[in-house]
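Residues take their numbers from the sequence shown, with the count starting at 1.
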Amino acid sequence: MESTKRYERLRERYMNGDLDRRTFLGLIGAASLAYGVSSPFVREASAAVEEVRFDGWGGVVSEAFRKYAFDPFTAETGVKVVDGTFGGSDEYLSRVKASQPGEFNIAHLSGVFDYARYAQLGLASDLNTDNIPNLQYVIPKLTEVFSKVTDGTLSCVPYDYGTTGLAYNRKHISDDEMKEKGAKILLDEKLKGKISGWSAWRTRIWYASLQTDQDPNGATDMDAIWEAIRENRDLLLKYWSSGAELMSLLAEEEVYVTEGWSGRIYALQEQGHDIGYMDPPNGFGWQECLFVIKGSPMPECEELLNFMLAPETSIAVAEGQNYPPALDPTKVDLGKKIPTLPAFDPTGTLSGLTFADPAYWNGHEQEWSKQFGRIQKGY
């Protein structure tokens, strides 16, 4: 069946109530793999593909992909899905650069600085946005920050956004205490051994900037930042490196406070854990995109991206992963759940979120990532 008809029929069945959300998302995943993420070599739509690869952020998301998308897809088509996970974008990009062409198929990027790095490495494609009319529903700010990097063109579509804010156990830390101390609670001596943090150098420097009252996109006193990172390190139980580990540390009450990804914290709250969440002033905002790697079959990818941006599709995915979609809430009714998610902006302006300046962060990557690596090891 032609891909357009397949997508439209899936969507019609979902809207009519013939498919529940999980089945709908699973079938979307299968369609995505079939039409959007094969190797970059030109092929006929009916040509056989032995396997495709998907790499994502792990945890509950990967488990859902495997159960509701990958396994059903393999059972129906015989195509094996090799799925991998990564704890950070730096690690994944290193693996991609060391790989052979076609070894990695899907790039699920987080942050404009990642988009910029892929573009600088020659991995950017050039989407024909006329073939993606559902871009009209996307928050303009999210699209603009990507197109500025690639001189007005797009190699991705924005898909969701969130924050890396402060998660805390309300049994041990009150909401009032969090409001009073903000990011500096990660330097509180009385919580020694009950603090954690993400092992990503950007997050460590971002929060150290807040702790030293500096602009995270333009710090001027790096000595103070390195000292704050060392002070925080000495109070930690451990650094976490994946969303699954983050959730486990909080759920098992091994730690009482840490930075955390907004959607993962919402999932803990849904499970009944008394975990609070707050974004301090100038907290770390980010957006994820669906990136099309240069050499991919563009018409099929553009058609798939347009389908994924359709309001009913985006809303279903957002409700499943607990991150607000990139859709503009002034143009699209997002339902009841999405407005309750952390980081959600009902105005569609995202004026309350601070995003990383790609030129600033990528320009210091080599120096700062190396220095944080030394501190992480105890120097």
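Separation of atoms CD1 (Ile195) and CD1 (Ile185) is listed at 8.0 Å; rounding is to 0.5 Å. With values rounded to the nearest 0.5 angstrom, Lys184 atom NZ is found 14.0 Å from Asn232 atom CG.
Listed by first and then second residue, the ring-ring contact (aromatic ring centres under 6.0 Å, His included) pairs involving residues 125-158 are Tyr115-Phe146 (not counting sequence neighbours).
Between Asn217 and Trp361, the side chains place a donor N or O and an acceptor N or O closer than 3.5 Å (distance only, hydrogens not considered). Counted by atom type alone, Asp176 and Ser174 present zero donor-acceptor pairs between their side chains at under 3.5 Å. Side-chain atoms of Thr164 and Tyr207 include no donor-acceptor pair closer than 3.5 Å.
Classified by interplanar angle (parallel below 30°, tilted 30° to 60°, perpendicular above 60°), the ring pair Tyr323/Trp286 is perpendicular. Under the 30°/60° scheme for interplanar angles, the aromatic rings of Trp261 and Trp240 are found to stand perpendicular.
Inter-residue side-chain proximity for Lys171 and Glu253 is flagged as met; some heavy-atom pair is nearer than 4.5 Å.
In terms of heavy-atom proximity, Ala343 sits nearest to Leu353 at O-CD1, 4.3 Å.
Checked options Trp226, Tyr379, Tyr239; the residue passing with Phe372 is Tyr239 (criterion: ring-ring contact (aromatic ring centres under 6.0 Å, His included)).
Every ring-ring contact (aromatic ring centres under 6.0 Å, His included) that His364 has, sequence neighbours left out, goes to Tyr360, Trp368.
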